[in-house]
Amino acid sequence: ERDISIYCGVQTITLKINFCPVLYSGYTAADLALNGQHSDAQCRGFINNNTFPTAILFSISLSTLEACGNSLVVSTAYGVNAYGNMSLVQIGNISGYIDTPDPPTIISYLPGLLYKFSCSYPLEYLVNNSQLAS
């Protein structure tokens, strides 16, 4: 539960994964990728040695969130709108996962790693402050 930290920022979503369990499982930082897109270099994270413990960071820009296969689902719920009134508010939920590649052989002793994440934003915020592809 404490191997991943999710920061839902105003312009980027930052994912911070503890590197020790990844290393202990037999993987490197290059083995982790967003949404199974291991062949795309922009969908991989990078090691940050300036933190303790060492972490792998992934940064997802809200303006290009679909680049690595993240999903955007819009839902409607009762809440406070921009004017402070109770009404139906639309929420944009951005979600995805970080995983390790399938083993190259049929029999493998490496455990698969899977980290799921999601961030919710008022849809007004996403539309006003980002350039989302429809």
Side-chain angles (χ1 to χ4, degrees):
E1 293 177 7
R2 297 174 189 232
D3 288 346
I4 185 170
S5 299
I6 304 163
Y7 303 99
C8 302
V10 294
Q11 293 184 356
T12 60
I13 297 171
T14 303
L15 309 169
K16 180 178 165 185
I17 296 178
N18 189 346
F19 186 54
C20 292
V22 174
L23 194 60
Y24 183 75
S25 298
Y27 295 102
T28 66
D31 291 327
L32 294 176
L34 285 165
N35 303 305
Q37 300 196 15
H38 298 278
S39 60
D40 192 346
Q42 74 174 1
C43 298
R44 291 192 212 124
F46 62 92
I47 292 182
N48 184 357
N49 289 318
N50 296 330
T51 62
F52 182 80
T54 301
I56 304 170
L57 297 178
F58 289 83
S59 183
I60 303 165
S61 172
L62 292 183
S63 61
T64 59
L65 66 94
E66 295 173 336
C68 289
N70 300 303
S71 68
L72 170 64
V73 176
V74 177
S75 61
T76 304
Y78 282 100
V80 179
N81 64 16
Y83 305 107
N85 301 324
M86 285 296 289
S87 66
L88 288 174
V89 178
Q90 290 185 311
I91 304 292
N93 187 25
I94 299 166
S95 62
Y97 62 91
I98 297 170
D99 69 345
T100 51
D102 290 332
T105 58
I106 295 174
I107 298 173
S108 173
Y109 296 101
L110 292 176
L113 299 178
L114 177 67
Y115 300 96
K116 296 180 180 181
F117 66 91
S118 68
C119 289
S120 293
Y121 296 91
L123 191 59
E124 292 175 76
Y125 176 81
L126 287 177
V127 172
N128 288 338
N129 295 306
S130 299
Q131 297 175 358
L132 294 177
S134 60

Can you sort out the partners of N35 under side-chain hydrogen bond (donor to acceptor under 3.5 Å, both in side chains), two or more places apart, ordered by chain and number? N70
Is there side-chain contact between L32 and Y27, with heavy atoms separated by less than 4.5 Å? no
Under 4.5 Å side-chain heavy-atom separation, chaining through any Ile, Leu, Val, Met, Phe, Trp or Tyr, what else clusters with V73? Say none if it is isolated. none
Keeping to residues at least two apart or across chains, list the side-chain hydrogen bond (donor to acceptor under 3.5 Å, both in side chains) pairs with something in residues 36-55. H38-D99
Honestly curious: do Y7 and F46 fall in one hydrophobic cluster under the side-chain, below-4.5 Å linking rule? no
side-chain hydrogen bond (donor to acceptor under 3.5 Å, both in side chains) against S118, all qualifying residues, sequence neighbours excluded: none
Under the 3.5 angstrom rule, does the side chain of Y121 hit a backbone N or O of G9 as a donor-acceptor pair? yes
Could I get the full list of side-chain hydrogen bond (donor to acceptor under 3.5 Å, both in side chains) partners for S75, not counting sequence neighbours? none
Among the clusters formed by ILVMFWY side chains lying less than 4.5 Å apart, do V22 and I6 turn up in the same one? yes
To the nearest 0.5 Å, what is the distance between CD1 on I60 and OG1 on T64? 9.0 Å
Minimum heavy-atom separation for A33 to F58, with atom names? CA-CE2, 4.3 Å
Quick one: hydrophobic cluster around L114, which other residues, with the 4.5 Å side-chain cut-off, linked directly or via members? Y97
Can any side-chain N or O of T100 pair as donor or acceptor with the backbone N or O of L113 at less than 3.5 Å? yes
Which residues pass the disulfide (SG to SG under 2.5 Å) test with C20, not counting sequence neighbours? none
Mind checking whether I98 and L72 sit in one hydrophobic cluster, side chains of I, L, V, M, F, W, Y counted as touching below 4.5 Å? yes
Would I47 end up clustered with L57 when hydrophobic side chains under 4.5 Å apart are linked, directly or stepwise? no
What pairs of residues pass the disulfide (SG to SG under 2.5 Å) test when at least one of them lies in residues 32-75, not counting sequence neighbours? C43-C68
S120: partners by side-chain contact (heavy atoms from CB on, under 4.5 Å), with sequence neighbours left out: I91, N93
Verify side-chain contact (heavy atoms from CB on, under 4.5 Å) between F117 and I17, making sure each step is shown before the conclusion. CA-CA 11 Å; F117 66 91; I17 296 178; over 6 Å; no
Could you tell me which residues satisfy side-chain contact (heavy atoms from CB on, under 4.5 Å) with S59, sequence neighbours excluded, listed by chain and number? T12
Heavy-atom closest pair, residues F19 and I56: CD1-CD1, 3.4 Å
Shortest non-hydrogen contact from V10 to L62? O-CD1, 3.5 Å
For S25, enumerate each residue passing the side-chain hydrogen bond (donor to acceptor under 3.5 Å, both in side chains) test, keeping only those at least two apart in sequence or located in another chain. none
Rounded to the nearest 0.5 Å, the CD1 atom of I13 sits from the CD1 atom of I94 at a distance of 4.0 Å
